[in-house]
Amino acid sequence: MSSPSKRREMDLMKLMMSDYKVEMVNDGMQEFYVDFHGPNDSLYQGGVWRVRVELPDAYPYKSPSIGFVNKMYHPNVDEMSGSVCLDVINQTWSPMFDLVNVFEVFLPQLLLYPNPSDPLNGEAAALMMRDRPAYEQKVKDGH
């Protein structure tokens with residue numbers, strides 16, 4: 001098995017080659033920004049978010065930490081910090097996944113299927129359960 005730093009490099013190259021705009025924070029390859037487009041057929045369609053990704057030293061054995069830089073109104077995203085509560089990323093992460101999966105599978109799934117029963121943004125979760133049209137409007141106003 002190759003070293004984690006080798007794997008980090010490979011995953012990053014793969015992400016850069018798959019049409020994502022990636023901006024490195026420094027030379028360490030541990031922190032970077034990615035432009036993420038809201039998935040089609042979601043309330044976030046048409047929006048673009050800057051996502052901050054931080055790779056732990058133990059990546060890919062430990063999951064990356066993900067946060068939205070610009071405002072994201074969503075039950076599973078902390079409105080102040082933009083950090084993402086992604087069970088998939090935290091609990092079911094495995095070294096088989098890579099960075100492309102984060103942007104092609106995990107984040108789109110999160111935006112398409114919010115989980116109001118495990119919220120980081122209690123207000124968004126409550127509004128979603130109480131008044132779906134108002135919630136959807138607020139999401140659309142956000143981007």
Side-chain angles (χ1 to χ4, degrees), residues 4-143:
S5 63
K6 199 99 190 126
R7 166 67 192 265
R8 194 165 34 226
E9 221 169 289
M10 231 169 57
D11 284 5
L12 207 51
M13 290 309 294
K14 204 166 133 190
L15 186 67
M16 289 171 166
M17 287 162 70
S18 58
D19 290 339
Y20 288 99
K21 184 174 169 287
V22 179
E23 186 186 315
M24 304 309 292
V25 171
N26 49 35
D27 309 334
M29 285 197 178
Q30 278 186 285
E31 205 181 317
F32 49 91
Y33 294 103
V34 179
D35 288 352
F36 174 70
H37 293 259
N40 294 340
D41 303 326
S42 78
L43 296 172
Y44 302 90
Q45 185 171 344
V48 180
W49 282 267
R50 201 168 152 79
V51 177
R52 182 173 174 273
V53 181
E54 217 175 309
L55 300 180
D57 289 338
Y59 178 87
Y61 304 102
K62 206 166 168 283
S63 65
S65 75
I66 308 284
F68 287 96
V69 179
N70 41 340
K71 202 166 161 50
M72 163 61 73
Y73 189 74
H74 187 287
N76 309 108
V77 177
D78 184 309
E79 203 170 7
M80 296 309 289
S81 72
S83 63
V84 175
C85 169
L86 261 188
D87 291 346
V88 182
I89 287 196
N90 300 333
Q91 281 134 35
T92 52
W93 176 263
S94 107
M96 288 168 11
F97 296 125
D98 64 22
L99 295 170
V100 173
N101 295 131
V102 170
F103 291 96
E104 289 185 352
V105 181
F106 298 153
L107 286 179
Q109 291 282 56
L110 180 80
L111 298 188
L112 284 161
Y113 310 107
N115 177 4
S117 57
D118 182 20
L120 269 181
N121 181 338
E123 186 219 329
L127 188 61
M128 181 185 169
M129 292 195 280
R130 192 180 63 240
D131 185 349
R132 190 68 188 234
Y135 164 77
E136 293 183 358
Q137 191 52 55
K138 190 148 181 171
V139 167
K140 290 190 171 120
D141 292 346
H143 63 268

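Formation of a donor-acceptor pair under 3.5 Å by the Y73 side chain with backbone atoms of K140 is not found in this model. Formation of a donor-acceptor pair under 3.5 Å by the W93 side chain with backbone atoms of P60 is found in this model. Of the possible donor and acceptor atoms, one in the side chain of N76 sits under 3.5 Å from a partner among the backbone N and O of N115. Between the side chain of H74 and the backbone N or O of A124, no donor-acceptor pair lies under 3.5 Å.
Within the 4.5 Å cutoff, no side-chain heavy atoms of F106 are placed close to those of L111. When side chains are defined from C-beta on, F97 does not count as touching V102, because their heavy atoms never get closer than 4.5 Å. In this structure, Y44 and L107 have side chains that are not in contact, with every pair of non-hydrogen atoms separated by 4.5 Å or more. Inter-residue side-chain proximity for V69 and Y33 is flagged as met; some heavy-atom pair is nearer than 4.5 Å.
Across every non-hydrogen atom of M29 and L55, the tightest pair is O-CD1, 3.7 Å. For Y135 against P114, the heavy-atom pair with the smallest separation is OH-CG, 3.9 Å. Nearest heavy atom pair, residue N101 against residue M96, reads OD1-O, 4.3 Å. Closest heavy-atom contact between V53 and P64: CG1-CB, 4.0 Å. Between A125 and P116, the closest heavy-atom pair is CB-O, 3.6 Å. For L120 against V84, the heavy-atom pair with the smallest separation is CD1-C, 4.0 Å.
Remark: D35 engages K21 in a salt bridge (charged side-chain N to carboxylate O under 4.0 Å, His left out) (not counting sequence neighbours). With sequence neighbours left out, D11 forms a side-chain hydrogen bond (donor to acceptor under 3.5 Å, both in side chains) with R7, Y59. Scanning for salt bridge (charged side-chain N to carboxylate O under 4.0 Å, His left out) contacts around E9 gives an empty result, with sequence neighbours left out. Partners of Q109 according to the side-chain hydrogen bond (donor to acceptor under 3.5 Å, both in side chains) rule, which considers only residues two or more places apart in sequence or in another chain, do not exist here. With sequence neighbours left out, the salt bridge (charged side-chain N to carboxylate O under 4.0 Å, His left out) criterion links R52 to E31, E54. Evaluation of the salt bridge (charged side-chain N to carboxylate O under 4.0 Å, His left out) rule for E104 yields no partner, not counting sequence neighbours. The side chain to side chain contact (heavy atoms under 4.5 Å, CB included) test applied to A134 returns L127, D131, not counting sequence neighbours. Residues passing the side-chain hydrogen bond (donor to acceptor under 3.5 Å, both in side chains) test with S83, sequence neighbours excluded: S81. Every residue meeting the side chain to side chain contact (heavy atoms under 4.5 Å, CB included) condition with P108, not counting sequence neighbours, appears here in chain and number order: F36, P39. For R132, the side-chain hydrogen bond (donor to acceptor under 3.5 Å, both in side chains) partners two or more places apart in sequence, or in a different chain, are E136.
No more than 12 heavy atoms of other residues, nucleotides or ligands lie within 6.0 Å of CE in M13, so this atom counts as exposed by the packing criterion. Residue-environment remark: CG (D19) stays at or below the threshold of 12 foreign heavy atoms within 6.0 Å.
The structure places NE2 of H37 at 12.5 Å from OG of S42, a figure rounded to the nearest 0.5 Å. Between atom CE of residue M17 and atom CG of residue L12 there is a gap of 12.0 Å, rounded to the nearest 0.5 Å.
Applying the salt bridge (Lys or Arg N to Asp or Glu O under 4.0 Å) test to every pair with at least one member in residues 37-46, sequence neighbours left out, gives no pairs at all. For the ring-ring contact (aromatic ring centres under 6.0 Å, His included) condition, the pairs that include at least one residue of residues 4-23, sequence neighbours left out, are Y20-F103.
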Subject >> Steps toward side chain to side chain contact (heavy atoms under 4.5 Å, CB included) verdict (N121, M72) >> reply: CA-CA 10 Å; N121 181 338; M72 163 61 73; over 6 Å; no
